[in-house]
Amino acid sequence: MQDMIRRIVEADNEAKALEEENLRATEEEKQRIEEEAAAIYKEYMDNAQEEIRKNDEHLQRKYARKLSDATAKQESVLIKLKADYDQNCDKWVDEIVERVIG
């Protein structure tokens, strides 16, 4: 009978030890998964930030060129308008006066 009780106690102790080992292994696996998830998230965010930086640089260059082109066109139009004004100022004044006085 005592042998039977001893076996039951040993089996119970082994079951408790196995349960503790399983809990410890579960916690270790959970910690490993959390660390791996954090590493993947960090890598993803680093890659995203790098892509954003590249896109920003590309867009800044693109719009700087567009601004430069627009500025050059405005200057060209302004020069043409000033030339037209200088060439036709007296003629336009005469036409306005003629139409008003008639």
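Quick note: residue numbers are just sequence positions, from 1.
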Legend entry - Heavy-atom closest pair, residues Trp92 and Tyr85: CZ3-CA, 3.9 Å
Legend entry - Gap between atom NZ of Lys42 and atom CG of Asn47 - 0.5 Å precision: 10.0 Å
Legend entry - Residue of the set Glu28, Glu34, Lys30, Glu36 for which side-chain contact (heavy atoms from CB on, under 4.5 Å) holds with Arg32: Glu36
Legend entry - Side-chain donor/acceptor of Ser76 to backbone N/O of Ala72, under 3.5 Å: no
Legend entry - Euclidean distance, Glu95 CD relative to Arg99 CZ, rounded to 0.5 Å: 5.5 Å
Legend entry - Glu29 and Ile33, any side-chain heavy atoms less than 4.5 Å apart: yes
N/O donor-acceptor pairs under 3.5 Å from side chains in residues 56-71, not counting sequence neighbours:
residue: Glu57; atom: OE1; partner: Arg53; partner atom: NH1; Å: 3.3
residue: Glu57; atom: OE2; partner: Arg53; partner atom: NH1; Å: 2.5
residue: Thr71; atom: OG1; partner: Leu67; partner atom: O; Å: 2.8

Inset, instruction - Before accepting this row, confirm whether a basic side-chain N of the pair Glu10/Arg6 lies closer than 4.0 Å to the acidic partner's carboxylate O. - result: yes
Inset, instruction - Just jot down the salt bridge (Lys or Arg N to Asp or Glu O under 4.0 Å) partners of Lys80, sequence neighbours excluded, or say none. - result: Asp84
Legend entry - Salt bridge Lys91-Asp94, side-chain N to carboxylate O under 4.0 Å: no
Inset, instruction - Give a yes or no on whether a salt bridge exists between Lys82 and Asp86, defined as a side-chain N under 4.0 angstrom from a carboxylate O. - result: no
Legend entry - Electrostatic pair Arg24:Glu27 at N-O distance under 4.0 angstrom: no
Legend entry - Under the side-chain contact (heavy atoms from CB on, under 4.5 Å) test, residues paired with Glu14 that sit two or more places apart: none
Inset, instruction - Please examine the side chains of Gln31 and Glu35, heavy atoms only from C-beta on, and report whether any two atoms are closer than 4.5 Å. - result: yes
Legend entry - Over 12 non-hydrogen atoms of neighbours within 6.0 angstrom of CG in Asn55: yes
